Amino acid sequence: MEAELKTMTTKDKLIAEFESSKNSLFDNIQLREQALEAFSKQGIPNRKSEEYKYVNIELSMKGDFAFSSSKKLSAKQIESTQFLKDAIIVVIENGKFNSESSKVNSLPKGLQILTISEAVSDESYTKHYTKYADINSDVFIALNTAFASGGVFIHLAKSAVIETPIHIIHISSVSENTILNTRNLIVVEENAQVQFVESYETVDLSAKSFTNTLTEIVVEANAIVSHFKIQNECELGSLISTTQVVQKGKSVFSNHTFTLSGSLVRNNLNIVLDGEHIESHLNGLYLTNGNQVVDNHTLVDHRKPNCNSNELYKGIIEDKSSATFNGKIYVRKDAQKTNAFQSNKNILLSDDGTINTKPQLEIYADDVKCSHGTSTGKLDVDKIFYLRARGLSEASAKKLLMHAFASEVLDSIKGMEDLHNYLEERISKRFE
Amino acid sequence: MLSIKNLHASIDGKEILKGVNLEVKAGEIHAIMGPNGSGKSTLSAVLAGREDYEVTEGSVTFNEKDLLELLPEDRAREGVFLAFQYPVEIPGVSNVNFLKIALNEIRAYKGLEPMEAKDFLVRLKEKQKLVELDGKLASRSVNEGFSGGEKKRNEIFQMAMLEPKLSILDETDSGLDIDALRIVAGGVNKLKSKDNAIIVITHYQRLLDYIVPDVVHILYNGKIVKSGPKELALELEEKGYDFIKEQVGA
């Protein structure tokens, strides 16, 4: 058996794992079997896969992996990952909801937080779960749908306004190589307002973790949702993070993705604007160094008229690291009077770093305003000289300029002072 | 204070300065005038330490130190200030924050503690007033979206904040209307003392009505070809640069 395992491909191993645990562990078997089939059809991406050609997934998933971990961190270790002063804390430790460390008792009126297993009989949950993230569109959506366990379902009732942010902390702390498939569903009903922070942390990690996380977010009419992703993993952590969003009329959704570390990070952010007068904001900042690989894929799908989307992704690439930005914007035939803007700017600090940037606009309507721009350069020598001529050392001039470059994305965070301060500090430290 | 001897400098192998000699003492204002392409801006760039220029011969001594050996930031820390002809816009860097860092790095170089926040604010207010710089401009990103006049005023504001020993004003008058010129010149005059010196580089005599020089030098074809009292500037204005060309037989 052992010899057999060694010759099995990662894909075969995943299929075998599914077969052996499906009866004991999983609910919703039919849906999962469909997802596994979709996974099997697509296979693990390799360098020839158009959508994953800049991230070496095969390498990250090589070797033997477990699918869960019984390791438990201390309350103190978990607390170390909390950076917001006042937040509703949801801890997902090694892919499982940790009720002791989470602070979800006495929630504000209109807010409901359930584990996925508690939610299976919830009407809203069954109405929305897996309805947006299409298992045939992406292999990691398929994989996640087949294996998903341990995440949370968050529901905001109509017109509920939650002023305290909800902080979902994903922590990996495994001691043997593990693949974690975490799934969350967030449903924000009409006219409700909420802010989510999802952070990805590794604590006391002694083996490789490969986290394939998927969050579906439903933003109903007139709702206002801010979603922040803070990616803080160590060099043993690989992360595939998919956010699938559907927005209804007159809603506002903002996503801010900050990738500060991690060996491999792939973000798939897909937003469907399924209504009129919708506003979508996509802001991203990635700071890469060492041998890090960071890949941001975004998709903004304008399906109806009179909507606005605005996207700004910026990156600073150091050492031998590599960053990819691929931003797709679809403007469908019906989506007249669309305003869609996209910008990707990069600073390449080393000769060995790589940046791949690919804006993709597909426009089928004729009365629209769309633009995209991309730039990649080194730090401006004239600016450095100007600052040095005022007495700043070359190092502090560069630090100041990098900070200024990053601050455009940072300052897009409104009304979340302690998150802003936390990121500000992290980013400043990074440039020291 | 400043002693330039037989300074030769080139860019991309082309010699621009061909043996400049200049002595500046504390308390003096020197004007350097010259036609376009005579090497005025090259001289200021070389003094500030711009790396694109190569010094091929000669020496520059500033308060007994070999200026050419120093990094640009160390020249600034020793007290050399260049008011740029074309100040750079730096989005995302606030004027105030950048000046605080500059001031404290200069102080650290001299072995001094960082400036107290309160003292910094007092100085900020005082110097803003000196160049009539709107408080809003002072707190905005460095030169971002500033008009030409505001940029020049911001240069003099920075000069006021950093209190240099030697200030080099590189065509600070270019692009200034007469009101802005008066304000900028007024600021410079208020900053003048017996302990510091100012080099005013200009194409036109106009600025020298407001900042009155002790000595006027004419830079032509990479050399100082004539020096004289402030009346030399008037003569030059009247007769044009051709008269210099004739005199030096070019």
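It should be emphasised that the depicted structure is a prediction, and the values quoted were computed from it without experimental measurement. Below, chains carry the letters A, B, ... as their sequence lines are ordered, and counting in each starts from 1.
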To the nearest 0.5 Å, what is the distance between [atom1] on [X] and [atom2] on [Y]?
X	Y	atom1	atom2	result
B:I90	A:F405	CD1	CZ	15.0 Å
B:E105	A:L387	CD	CG	10.0 Å
B:E89	A:Y386	CD	OH	10.5 Å

[atom1] of [X]: more than 12 outside heavy atoms within 6.0 angstrom?
X	atom1	value
A:K378	NZ	yes
A:D351	CG	no
A:E425	CD	no
B:K190	NZ	yes
A:E235	CD	no
B:D12	CG	no
A:K320	NZ	no
A:E417	CD	no

Find the one option among A:K383, A:E408, A:R390 whose heavy-atom pairs under 4.5 Å with chain B are most numerous.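 Most pairs with chain B among the choices: A:R390.
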Between A:A397, A:A406, A:S407, A:A389, which shows the greatest number of heavy-atom pairs under 4.5 Å with chain B?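 Maximum pair count with chain B is reached by A:A389.
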Side-chain contact test, heavy atoms from C-beta onward, threshold under 4.5 Å: evaluate it for B:N97 versus A:L400 and give yes or no. yes
Ignoring hydrogens, what is the shortest heavy-atom contact between [X] and [Y]? Give both atom names and the distance.
X	Y	answer
B:E73	A:L392	CB-O, 3.2 Å
A:D382	B:V88	O-CG2, 3.9 Å
A:A404	B:P91	CB-O, 3.4 Å

Using non-hydrogen atoms and a 4.5 Å limit, figure out which bit of [X] sits close to chain A: side chain, backbone, both or neither.
X	value
B:N143	side chain
B:A108	neither
B:P164	neither

Relative to the ring of A:F385, is the ring of B:F84 parallel (under 30°), tilted (30 to 60°) or perpendicular (over 60°)?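 Rings of B:F84 and A:F385: perpendicular, over 60°.
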Less than 4.0 Å between a side-chain N and a carboxylate O, is that true for A:R388 and B:D74? no
Choice from B:R75, B:E78, B:Q158 maximising heavy atom contacts with chain A below 4.5 Å: B:Q158
